[in-house]
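Residue numbering restarts at 1 for every chain, and letters A, B, ... go by the order of the sequence lines. Treat the numbers as computed from the prediction; the structure is a model and nothing was measured.
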There are 2 protein chains.
Amino acid sequence: MTDPDLSRRIRDAGGRVTTARLAVLRCLADADEPLTPDEVLEHLARNSDHVPDRVTIYRAIDWLAVHGLVRRLATVGRAARYEPVEDREAHAHFQCRRCAQTRCLPAPTPPLPPLPPGYAAERIELVIHGLCAACRAGDTP
Amino acid sequence: MTDPDLSRRIRDAGGRVTTARLAVLRCLADADEPLTPDEVLEHLARNSDHVPDRVTIYRAIDWLAVHGLVRRLATVGRAARYEPVEDREAHAHFQCRRCAQTRCLPAPTPPLPPLPPGYAAERIELVIHGLCAACRAGDTP
DNA sequence: GTTAAAAATGCAATAAAATGGCAAAAAGGA
DNA sequence: TCCTTTTTGCCATTTTATTGCATTTTTAAC
């Protein structure tokens, strides 16, 4: 997705197109796995000249999440992870219990189970826990 | 599950049966939804005379998790949530995006999607995101 | 292009959740 | 009961995230 496209998405969501928002969205869109705010910061520190403050990253991600351009995932690790909301959708996430790596897996969304009365479902997430290839190759289970 | 049963599970896992471990396991087993370490502490503070230190709770939960008596869930909120590992298994979790309440839902475990080579799946978790009845009843979406 | 209002950012301080080190206390077998 | 090992409590520290406020940037109007 090109920068003008991303800018447009931000403007359509009713916000100002700022360097930070664009850079964060760009970063998440380019990454092939969900990132933590700190990972986003690292990426920007490596690939941009002007690196936004950590707080700005948090606020940009939060704004993007509230406006539906980005999604916060359920994670087992300590830090939150975010991925861009795109069309490809319908995928699951694998989480390594050793290194906390999180990656996307192609998988159909399972059917929605019945909810208690009054509850409203908005999204369904499938998390596969286990060991990634690298961690399984290394010793200690 | 009775206390002797829980003690037995701890001893069988190869650890000492301590007040803290027993109390934490008891607390998680009695709760009808997954709890955070702080919630466990609150429960114990209300229902016991000797309240273990917060750090002890963390360590007890961790020990129970490492030894398979308790399970850490994937959460969207900041704090980790744990549930006891029992037989009833095969259930999903609903997470309210407003109040962060997490509750168990009866739901079949979906089929395991194909993993990249070298990856090993150990558990599959289904998280339903949405609004609980209470939060939906209250105003602002 | 200026300019002014509104929105976003940077910085410092603070909060929340979790972890590490170490001496004191408790478990469990002899 | 005594001894060894494991666990606990307390304090300090780390990691992750949030808040307040002055300054800067964005954007729309001129």
Side-chain angles (χ1 to χ4, degrees), chain A residues 3-4 6-25 34-42 44-45 48-67 69-70 72-82 97 99-100 102, chain B residues 3-4 6-25 34-42 44-45 48-67 69-70 72-82 97 99-100 102:
Chain A
D3 269 27
L6 298 180
S7 301
R8 190 152 194 294
R9 300 235 281 154
I10 293 174
R11 195 169 314 106
D12 287 354
R16 293 187 175 177
V17 181
T18 66
T19 322
R21 282 180 190 163
L22 201 51
V24 168
L25 190 50
L35 303 178
T36 65
D38 261 36
E39 286 168 348
V40 170
L41 182 56
E42 283 168 34
L44 297 185
S48 317
D49 43 344
H50 172 231
V51 183
D53 188 78
R54 186 185 304 273
V55 176
T56 301
I57 305 264
Y58 276 110
R59 288 198 273 230
I61 290 183
D62 192 56
W63 188 91
L64 294 169
V66 165
H67 292 82
L69 305 193
V70 135
R72 180 177 178 161
L73 304 182
T75 52
V76 169
R78 284 182 56 171
R81 286 187 180 275
Y82 298 83
R97 79 167 139 84
C99 69
T102 300
Chain B
D3 268 28
L6 299 179
S7 301
R8 190 152 193 295
R9 299 235 282 155
I10 293 173
R11 194 169 313 104
D12 287 353
R16 292 187 176 176
V17 180
T18 66
T19 321
R21 283 179 190 163
L22 200 51
V24 168
L25 190 50
L35 303 178
T36 65
D38 261 37
E39 286 169 348
V40 170
L41 182 56
E42 284 169 33
L44 297 185
S48 318
D49 44 344
H50 172 230
V51 183
D53 187 77
R54 186 184 306 274
V55 177
T56 301
I57 305 265
Y58 276 110
R59 289 197 273 231
I61 290 183
D62 191 57
W63 188 92
L64 293 169
V66 165
H67 291 83
L69 306 192
V70 134
R72 181 177 178 163
L73 304 183
T75 52
V76 169
R78 283 183 58 171
R81 287 188 179 274
Y82 299 82
R97 78 167 139 84
C99 68
T102 301

Novice: Got a list of side-chain donor-acceptor pairs under 3.5 Å for residues 9-21 of chain B, not counting sequence neighbours?
Specialist:
| from | atom 1 | to | atom 2 | distance (Å) |
| --- | --- | --- | --- | --- |
| B:R9 | NH2 | B:V85 | O | 2.9 |
| B:D12 | OD2 | B:R8 | NH1 | 3.0 |
| B:T18 | OG1 | B:R21 | N | 3.2 |
| B:R21 | NH1 | B:R16 | O | 3.0 |

Novice: Find the distance between CG (A:D38) and OH (A:Y58) and round it off to the nearest 0.5 Å.
Specialist: 5.5 Å

Novice: Anything under 3.5 Å between a donor and an acceptor, one on a side chain of residues 72-80 of chain A, the other on a protein residue two or more places apart or in another chain? List them.
Specialist:
| from | atom 1 | to | atom 2 | distance (Å) |
| --- | --- | --- | --- | --- |
| A:R72 | NE | B:V76 | O | 2.9 |
| A:R72 | NH2 | B:V76 | O | 2.8 |

Novice: Starting from P on C:dA16, measure out to CG on B:D38 and report it in whole angstrom.
Specialist: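 Computing the B:D38:CG to C:dA16:P distance gives 10 Å.
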
Novice: Quickly, which of A:V24, A:V51, A:T56 forms a side-chain contact (heavy atoms from CB on, under 4.5 Å) with A:L41? Name it, please.
Specialist: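 The option that passes is A:V51.
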
Novice: Ignoring the backbone of A:R72, work out which of C:dC11, C:dT9, D:dA17 is nearest its side chain.
Specialist: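 Among the listed nucleotides, the one closest to the side chain of A:R72 is D:dA17.
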
Novice: Rounding to an integer number of Å, can you tell me how far B:L41 CG sits from C:dA16 P?
Specialist: 15 Å

Novice: Could you check which residues of residues 74-82 of chain B get a heavy atom under 4.0 Å from DNA chain D? Sort them by number, please.
Specialist: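 Those residues are B:R78.
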
Novice: Kindly write out the residues that satisfy side-chain contact (heavy atoms from CB on, under 4.5 Å) with B:A23, not counting sequence neighbours, or none if the list is empty.
Specialist: B:L44

Novice: According to a strict under-4.0 Å criterion, is B:Y58 in side-chain N/O contact with OP1 or OP2 of C:dT19?
Specialist: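 No, no such contact exists.
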
Novice: Return the value, rounded to whole Å, for the distance between atom CZ of B:R54 and atom C1' of D:dC11.
Specialist: 14 Å

Novice: Rounded to the nearest 0.5 Å, how far does CG of A:D62 lie from OH of A:Y82?
Specialist: 6.5 Å

Novice: Calculate, to the nearest 0.5 Å, the distance between atoms CG and CD1 belonging to B:L25 and B:I61 respectively.
Specialist: 10.5 Å

Novice: Going 5' to 3' through nucleotides 25-30 of chain D, assign each nucleotide B (protein heavy atom under 4.0 Å from a base atom), S (under 4.0 Å only from sugar-phosphate atoms) or - (no protein heavy atom that close).
Specialist: -BS---

Novice: Give B:A20 one of three labels, base, sugar-phosphate or nothing, depending on what nucleic acid heavy atoms sit under 4.0 Å from its own.
Specialist: sugar-phosphate

Novice: With nearest nucleotides of DNA chain D determined for A:T36 and A:R59 from heavy-atom distances, which residue corresponds to the more 5′ nucleotide?
Specialist: A:T36

Novice: Can you give me the bend angle of the helix from C:dG1-D:dC30 to C:dA30-D:dT1? Use the axis through the first five pairs and the one through the last five, nearest 10 degrees.
Specialist: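 For the helix from C:dG1-D:dC30 to C:dA30-D:dT1, the axes at either end differ by 40°.
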
Novice: Once you round it to whole Å, what is the distance between P of C:dT19 and CG of B:D53?
Specialist: 14 Å

Novice: B:I61 has an atom CD1; how far is it from atom P of D:dT8, in whole Å?
Specialist: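 One finds 12 Å between P of D:dT8 and CD1 of B:I61, rounded.
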
Novice: Just the rounded figure in Å: distance from P of C:dA18 to CG of B:D62.
Specialist: 11 Å

Novice: Quickly work out the B:H50 NE2 to D:dG9 C1' distance and round it to whole Å.
Specialist: 9 Å

Novice: Grab the CD1-C1' distance between A:I10 and C:dA7 for me, whole Å please.
Specialist: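 Computing the A:I10:CD1 to C:dA7:C1' distance gives 14 Å.
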
Novice: On a heavy-atom basis, which atom in A:P37 and which in A:I57 lie closest, and how many Å separate them?
Specialist: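 The answer is O-CG2, 3.8 Å.
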
